[in-house]
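For ligands, and for the atoms within them, numbers begin at 1 and follow the listed sequence.
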Amino acid sequence: MKGNSTSDIVLKLIHNRRSIRQYLDRPVSDKILKKILEAGFRAPFAAQLCSVIYTRDHERMKKAGIGVYPTAPVHMIFFIDFCRLEKVMAHRGHEYGYDDMMAIWLGMQDVVLMIENLTIAAESLGLGSVLYGLTPLRADSIAETFNIPKRVFPVVGMSVGYPDSAEGTEIRPRFPLEMAAFEDEYRHHTDEDIKICMKKMDEGYLAQGYYIKSQTKVDLIDKEDTIGFDMYSWSEHISRKFRSAYRQGDPLLDILRRHGFDLK
Ligand SMILES: Cc1cc2nc3c(=O)[nH]c(=O)nc-3n(C[C@H](O)[C@H](O)[C@H](O)COP(=O)(O)O)c2cc1C
């Protein structure tokens, strides 16, 4: 991808983006933070259902139950925010009566679009980022730590900062495009297709030594682990995360209800 046209530059940024887990000891200024947050909120929205808390305080994140990468200078939590919208509605004399499940879906759409805009804006300013997917399970401690009202719910956490190139610059593989993007009709994947998907991902991660370098493995709590790091790759990692014996915290439904969402 060569050239200096706007599309060359934007596409290069997108294709070279990777999650950053090691950061330089270099602060991120308020000015830069404002720029990326503003860019984030330029994303399309269903109902402006996204709010963000950002902090440079590791202790706060710890108190909130989010284990952030230690060298990351700034952390963010992205929320679905119905509290603000309902206040707007009250001003207009309307009472909220929407289906909360659909509302959460819309909120999620707003939040993820905002995050991706922010991520790309951050990349354009030389910053990197990483997300923390288990954040919603920490909704109770997050609410307490950051003074979050009911009907405002965390979707995902993120750290942002200047990447330390010592971490490496490899780009993680993806499923082949034809296995995930379909014209007109869904592709009902055959065994052969699935093997192609797995090969692309597993060979890519193994070639980068991704799990062995970070010594990351999802523990098998109910059976013997017979797979060494030489064979442990993405498809095993992701399968272990989604198997029945892998449970994290309370069911999300219960947590959402505790935070004021009316879900049957
Ligand atoms: C919703 C979401 C949650 C994630 N949660 C975590 C996490 O908790 N810890 C982590 O190290 N990376 C996390 N990641 C980063 C992914 O592991 C990463 O995006 C994926 O392995 C692909 O690598 P890449 O971003 O470098 O292309 C998360 C990514 C997403 C989109």
Check this for me: does any side-chain nitrogen of one of Asp30 and Arg56 sit under 4.0 Å from a carboxylate oxygen of the other?
yes

Heavy-atom distances under 4.0 Å decide this one: backbone, side chain, both or neither, for Arg174 against ligand 1?
side chain

Would you tell me which option among Ser214, Gly133, Ser19 has the nearest heavy-atom contact to atom 8 (O) of ligand 1?
Gly133

Please tell me whether Tyr232 and His237 form a close aromatic pair, meaning their ring centres lie under 6.0 Å apart.
yes

Taking only heavy atoms of Arg17, which atoms of ligand 1 are found under 4.0 Å from at least one of them?
24 (P), 25 (O), 27 (O)

The residue among Ile148, Leu49, Val156 that forms side chain to side chain contact (heavy atoms under 4.5 Å, CB included) with Phe79 is Ile148

Quick one: which ligand 1 atoms are inside 4.0 Å of a heavy atom on Arg21?
10 (C), 11 (O), 12 (N), 15 (C), 16 (C), 17 (O)

Compute both the distance and the angle, then confirm whether Lys200 meets the cation-pi test with Phe175: under 6.0 Å from the six-membered ring centre, within 45 degrees of the axis.
no

How about Tyr186 and His188: are their ring centroids closer than 6.0 Å?
yes

For the residue pair Tyr211 and Tyr205, is the inter-centroid distance of their aromatic rings smaller than 6.0 Å?
yes

Arg18 neighbourhood, listing ligand 1 atoms whose heavy-atom distance to it stays under 4.0 Å:
26 (O)

Given Met201, Arg172, Glu116, which has its nearest heavy atom closest to atom 23 (O) of ligand 1?
Arg172

Please work out which of Val156, Asn16, Ile171, Leu131 has its closest non-hydrogen atom nearest to atom 9 (N) of ligand 1.
Leu131

Hey, what's the ring geometry for Phe261 with Phe153, parallel, tilted or perpendicular (30° and 60° as the breaks)?
perpendicular

Using a heavy-atom cut-off of under 4.0 Å, does the side chain or the backbone of Leu134 touch ligand 1, or both, or neither?
neither

Of all the non-hydrogen atoms in the protein, which one sits nearest to atom 21 (O) of ligand 1, and at what distance?
Tyr205 OH, 3.3 Å

Look at Asp100 together with Arg151 and state whether they make a salt bridge at an N to O cut-off of under 4.0 Å.
yes

Run the contact test for Tyr69 against ligand 1 with a 4.0 Å cut-off on heavy atoms, strictly below, and give the result.
yes

If we set the cut-off at 4.0 Å for heavy atoms, which region of Trp234 has an atom near ligand 1: side chain, backbone, both, or neither?
neither

